[in-house]
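Counting starts at 1 for both ligands and their atoms, following the listed order. Small disclaimer: the values here were computed from a predicted structure and weren't measured. In what follows, every heavy atom counts, from backbone to side chain, and hydrogens, waters and symmetry copies are set aside.
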Amino acid sequence: MLDWWLPENVSTYGQEIDWLFHLIYYITGVTFVLVFVTMLAFIVIYRDRPGRRARYTHGNTTLEIVWTVVPALILVVLTILSVPAWSRIKMNMPPTDFVVQVTGKQFNWQVTYPGPDGKFGTADDKTLVDEMHVPVNKVVRVNLRSQDVIHSFFVPQFRMKQDAVPGREIPQWFEATKPGRYELPCAELCGFGHSGMRGWIYVHTPADYAKWAAQNLTAAAGPAVAEAKPADTPEEPKKAEPRKEGKAKQ
Ligand SMILES: [Cu+2]
């Protein structure tokens, strides 16, 4: 019912996330309406009228227990209902077709492919800036890192979001079901250039991906440039300076 509102889902696990989202949305929506209707009704029913005296009340223990226990139960049930999605998406890594390393830094996503030898950290690695290319219908593992502060790898159409934390490599995965170009914004306020920190994920058909890889990932393609494009640098780098000095003193 809310499909017009959410971005298109092109992820194999998007349905599970959307289902929980809708469930929580409707529970909070119904609660909101009930609370406001009751409040408005009470405002009218108990308004000041000539001859009516205010009454001191001690409250109602039964009511208080009910409105504490019911929300608590709802939270417990929501937790139980979200366990299968959480365990499938976050705790288990399905057999991976494909691995890329993504490093967040102020203010870019660096996307590294292992190159023809299939190993990271070797001379033939290829690093792209703010651009990731993957084939459709393949399980892609993203080993997520950060070079400086906390960033958040967010792909709304994949229903995927994960913080990149300095000092950790966090494996995540997705399987895109439709070719296209999808936005990859940083969803963590990470500094002055945060709003400009975004990349694009290109999901290709197998043939298109093979073509792209042949042109860009083979030894013949030459080393990819890992430097940030000028357009991606924040507009006010000077203003950021005093902050950095302050941080260095810590
Ligand atoms: Cu960021």
- side-chain hydrogen bond (donor to acceptor under 3.5 Å, both in side chains) between D124 and T122, intermediate numbers included: CA-CA 6 Å; D124 68 346; T122 51; 2.9 Å; yes
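- Among pairs with a residue in residues 29-51, none fulfils side chain to side chain donor-acceptor pair (under 3.5 Å), at least two apart in sequence or across chains.
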Output side-chain donor-acceptor pairs under 3.5 Å for residues 71-83, partner residues at least two apart or in another chain, one line each.
from	atom 1	to	atom 2	distance (Å)
T79	OG1	L75	O	2.7
S82	OG	L78	O	2.9
S82	OG	T79	O	3.0

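- For the Cu ion (ligand 1), the set of protein N/O/S atoms nearer than 2.8 Å consists of H151 ND1, C186 SG, C190 SG, M197 SD, ordered by chain and number.
- A cation-pi contact links R181 to W200, judged by a cut-off of 6.0 Å to the six-membered ring centre and 45° from its axis.
- Among residue pairs with one or both ends in residues 147-161, those qualifying as side chain to side chain donor-acceptor pair (under 3.5 Å) are D18-R159, D148-H151, S152-D163; sequence neighbours excluded.
- One distance of note links CG of D97 with CZ of R141; it measures 11.5 Å at 0.5 Å rounding.
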